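Here's the structure, in structure tokens; my notes come after.
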Amino acid sequence: YIFHYLGVLLIRVLLQVDKIIDQLQHLIQSYDLTGLKEYWTYLDRRLFSRLEDVYRPTVNKLRTSLYRFYIIHTVQNPEKTQEFFLKQVLELQAQPEWRDWFALPFIPAPEQNPSFSPYFSRQWADTFLVSLHNFLSVLFQSSPQPVLLSFDSEVQRITSVQEESEQLRQQLFALHGESRLKKDEEMVHHKLPPYVQHMDRLGDTELDLVSSQRNVNMTTPSRNFFSTFLPQGRRTPGKMAPGPQSSPTQASLGRKDPSAKAKDPPSAKDLKMPTVSTVTVDLATGHSRQRRHHDHEKERKELLSKLPPQSSEKKNDSDPDTQTEALPDQTDSTNQTRVCDVGGASVEQPFIKLSQEEYIEHHSSIMHCRVDCSGRRVASLDVDGVVKVWAFNPIMQTKATIMSKSPLLSLEWAAKPNRLLLLGSGVGTVKLYDTDAKKSLYEMTIDDIHPRILSLACSPSGTSFVCSAAAPAAQSGVVMEGEAQVSAPVSGQLLLWDTKTVKQQLQFALEPGPVAINCTAFNHNGNLLVTGAADGMIRLFDMQRYESALSWKAHDGEVYSVEFSYDENTVFSIGEDGKFVQWNIHRCGVKQSEYSLSQDAVGPFVLSGYSGYKQVQVPRGRLFAFDSEGQHVLTCSSNGGNIYRLNKADAGLESVLSLGGHKAPVVTVDWCSAMDCGTCLTASMDGKIKLSTLLAQKP
């Protein structure tokens, strides 16, 4: 195949050279001096100028021979000979090799003159044409290959490198897991004393302390038992402070005197375990273990005497952060399972960050970043109006690039078929783009009075989409710090369009007046539509009657992002006031919970630069996203995404995992869940998009 390709390439080169020679001869025979000069100038600009300086004398000699070949041909027409010298006198008179040639028009028989006779021979003409032909052939063959011709080889090379990188990453992950298992085995067999490893020989007191831990983690009972012997400042309290008759050693362990235990066995109430229920010990087993207790009393006292006594007051007054004890062989790595002791029980974190990849094809701040409904492709839009459609499984690869003459402000994936992408512009148009065919199918003109398309939402059925159009405003997606902010709500419209007929169906009534809608979202079947507006209002529309069902004042300032909850009985919203609020849609305007977020999660987002330069971006994309079960939420932050567990309002947001990885503020997020693995997207103001793969830990 390679030899065939080289042969074809050589034939093409020869054909090109033959055409050049034929064109030069045609211009000479037709006495077209102007065309001959322009053609040679073109060759010099496109070919000869790229040669090294050492070849410049050769090019000059070939040009001189070409002009002499033209003069020899014009001897039959003396007028053309005189015309040549008149036009070229300024260029040639300073060259010594042309000094004798100015006398040629005045010589009666130049072909017989000893100075010119060699140029009239057939041999000189053939030698010149062959030399020019060979020079051009070598020039074409030695020229560097155009970059476009090496596209396929570069794609194959990049693909092979990415596949090799993925294989190495999997091998590294497997080796890392094996090393963790080896460390676990070493901890079990070498860290614990021999007489502590035999759990069947424990007394009733120790069984009460570790019985709940054994239910949580049956694979490492000896490790949980050993944690009960650690100092109180390094472990979670398991019960209330002991009575005044307890010794300091017994107080540090949180157990009563053995003699008192025989008379009055402890109950679940006496143990006071905060989060773990006490396991009732069978009486027959208790008596059997109590008989063996005396045999190992000396060994336990010897172990306990080596530990410093702790008072119950120090235990209760210790910092809560120091009450969580990670096992010695565990590291704070996102690729490992995090375990913490809560009330004496071992609790696993809900997610493990398996990997984090970076998409770097954008060169300006991101506005929107959305995964399609199949979870296979991502569409991202930056402030320059460049849209990238890319896939991340099995490798990260750009599928399509969309560049629009008009600024783009919003995007949304179509539900059916999921290859279609809706793009809203700043000039009142919405483009329907086919990502598979890589072409625009249709461009709809929405409204000239309200040209800014701020939000798009496609119905789950795929038959229609909602479009939010707003009037022009001085404030754009990215503004410089210090510019005037718009205080009054901007006028706008909310329209419903049919995707099949590509026509507007209706315009929704916005009470109390027309206002710009910043965000929109459908429920699972498309019967309800929730919107957040610039006036701080949330409006809930009945899509069967196409009318507003509920509306209430939600935030002080604009509503930036709004979504339905997992059960669709509530609605979550983020506003300009920094509040993350859950609203009950069955009771208009009633807050079910409210959380306060930092400016890094709400915006406006600020990116500082050199010499006091600051770039400020108003939120446009999705500011939060839920997992597949609606129990955790992903929000923006200054250096990545943060995952929180949704609790009751009085408990607040519980931080679960920080994704990190960014050097600039994250401005939009998305979360795609499939099976036990979820994909979190975090996009920042420096044009970087981080794709974090999470593994959900099922209880």
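We count residues from 1, following the sequence as given. Quick caveat: nothing in here was measured; it's all calculated off a predicted structure.
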Fill in: Pair R370-D670, salt bridge (charged side-chain N to carboxylate O under 4.0 Å, His left out): steps then yes or no
CA-CA 6 Å; R370 297 297 300 273; D670 201 1; 3.6 Å; yes
Practice prompt. Using a 4.5 Å cut-off on heavy atoms from C-beta on, say whether the side chain of I453 contacts that of L409.
Written response: no
Worksheet item: Judged by modelled atom types alone, do H368 and S410 share a side-chain donor-acceptor pair under 3.5 Å?
Response: no
Fill in: Other residues, nucleotides, ligands: >12 heavy atoms within 6.0 Å of D567 CG
yes
Discussion item. I want to check something: taking the side chain as every heavy atom from C-beta on, are P472 and P451 in contact at a cut-off of under 4.5 Å?
Written reply: yes
Worksheet item: For T570, does its backbone N or O pair with a side-chain atom of S565 as donor and acceptor, under 3.5 Å?
Response: yes
Fill in: Where P619 and G603 come nearest, the two heavy atoms and their spacing
CG-CA, 4.1 Å
Discussion item. Main chain of I449, side chain of Q493: is a donor-acceptor contact present, judged purely on distance under 3.5 Å?
Written reply: no
Practice prompt. Of all the heavy-atom pairs spanning T668 and R622, show the shortest one and how long it is.
Written response: OG1-O, 2.9 Å
Worksheet entry | Non-neighbouring partners of H524 that pass side chain to side chain contact (heavy atoms under 4.5 Å, CB included), sequence neighbours left out | E568
Worksheet item: Between S459 (side chain) and S464 (backbone), is there a donor-acceptor pair under 3.5 Å?
Response: no
Worksheet item: Among all residues two or more places apart in sequence or in another chain, which pass the side chain to side chain contact (heavy atoms under 4.5 Å, CB included) test with T429?
Response: S425, V427, E443, T445
Worksheet item: Which heavy-atom pair separates H632 from P350 by the least distance, and what is that distance?
Response: NE2-CG, 3.6 Å
Discussion item. For S637 and D600, which I'm curious about, is there any donor-acceptor pair between the side chains at under 3.5 Å?
Written reply: no
Worksheet item: Got a sec, which pairs hit ring-ring contact (aromatic ring centres under 6.0 Å, His included) with one end in residues 525-557, sequence neighbours left out?
Response: F508-F541, W552-W583
Fill in: Sidechain-backbone polar pair: Q599 side chain, P604 backbone, donor-acceptor under 3.5 Å
yes
Fill in: Gap between atom CG of L607 and atom CD of Q615 - 0.5 Å precision
6.0 Å
Worksheet item: So, for V490 and A471, which heavy atoms are closest and what is the spacing to 0.1 Å?
Response: CG1-O, 3.5 Å
Worksheet item: Between K353 and T693, do the side chains contain an N or O donor and an N or O acceptor separated by less than 3.5 Å?
Response: no
Worksheet entry | Rounded distance (nearest 0.5 Å) linking atom CD of Q617 with atom CD1 of I366 | 9.0 Å
Worksheet item: Does NZ belonging to K553 count more than 12 external heavy atoms closer than 6.0 Å?
Response: yes
Worksheet item: Among Y566, W671, F572, which residue meets the side chain to side chain contact (heavy atoms under 4.5 Å, CB included) test with F626?
Response: F572
Worksheet item: Can you name the nearest heavy-atom pair linking C369 to A683, along with the distance?
Response: CB-CB, 4.2 Å
Discussion item. Pair I517, L454 - check side-chain contact (heavy atoms from CB on, under 4.5 Å), show working.
Written reply: CA-CA 7 Å; I517 302 295; L454 298 182; over 6 Å; no
Discussion item. I need the single residue from R419, R377, K399 that forms a side chain to side chain donor-acceptor pair (under 3.5 Å) with T435. Which is it?
Written reply: R377
Worksheet entry | Any side-chain heavy-atom pair of D434 and L420 under 4.5 Å | yes
Item to complete: Give the intermediate values and the outcome of side-chain contact (heavy atoms from CB on, under 4.5 Å) for residues K439 and L441.
Response: CA-CA 6 Å; K439 64 178 182 179; L441 300 181; 4.0 Å; yes
Worksheet item: Is the backbone of E511 close enough, under 3.5 Å, to the side chain of R539 for a donor and an acceptor to pair up by distance?
Response: yes
Fill in: Backbone N/O of V386 and side chain of D384: donor-acceptor pair under 3.5 Å
no
Item to complete: Could you walk me through whether H662 and T682 pass the side-chain contact (heavy atoms from CB on, under 4.5 Å) test, one step at a time?
Response: CA-CA 9 Å; H662 285 276; T682 54; 2.8 Å; yes
Discussion item. Does any part of the side chain of L694, heavy atoms only, come nearer than 4.5 Å to the side chain of D627, both counted from C-beta?
Written reply: no
Practice prompt. Without swapping roles, check the side chain of T635 against the backbone of F624 for a donor-acceptor pair under 3.5 Å.
Written response: no
Worksheet item: Is the shortest heavy-atom distance from the side chain of L659 to the side chain of L634 under 4.5 Å?
Response: yes
Fill in: Neighbour count above 12 (heavy atom, 6.0 Å) for R587 CZ
no
Practice prompt. State, to 0.1 Å, how close C588 and S551 come at their nearest heavy-atom pair, and which atoms those are.
Written response: SG-O, 3.5 Å
Discussion item. For T401 and K388, which I'm curious about, is there any donor-acceptor pair between the side chains at under 3.5 Å?
Written reply: yes
Worksheet item: N393 and R376: side-chain contact (heavy atoms from CB on, under 4.5 Å), yes or no, with the steps?
Response: CA-CA 7 Å; N393 191 11; R376 296 179 300 174; over 6 Å; no
Worksheet item: Is the backbone of D577 close enough, under 3.5 Å, to the side chain of D556 for a donor and an acceptor to pair up by distance?
Response: no
Discussion item. Looking at G385, is its backbone amide N or carbonyl O close enough to the side chain of D382 to form a donor-acceptor pair, meaning the two atoms are under 3.5 Å apart?
Written reply: yes
Fill in: Steps toward salt bridge (charged side-chain N to carboxylate O under 4.0 Å, His left out) verdict (E594, K579)
CA-CA 7 Å; E594 179 178 329; K579 302 295 184 181; 3.6 Å; yes
Discussion item. Checking the side chain of T499 only, and the main-chain atoms of T463 only, is there a donor and an acceptor separated by less than 3.5 Å?
Written reply: yes
Fill in: Spacing of CZ belonging to R620 relative to SG belonging to C519, to within rounding of 0.5 Å
11.0 Å
Worksheet item: From S573 OG over to I538 CD1, what is the distance, rounded to the nearest 0.5 angstrom?
Response: 3.5 Å
Worksheet entry | Value rounded to 0.5 Å, distance of NZ in K431 from CD1 in I402 | 7.5 Å
Discussion item. Quick check: do Y433 and V387 have side-chain heavy atoms less than 4.5 Å from each other?
Written reply: no
Response to the item:
Between the CD atom in E412 and the CZ atom in F465, the distance rounded to the nearest 0.5 Å is 10.5 Å
Worksheet item: Do C373 and W413 have side chains that get closer than 4.5 Å, going by heavy atoms?
Response: no
Worksheet item: Does the side chain of L423 reach to within under 4.5 Å of the side chain of S404, using non-hydrogen atoms?
Response: no
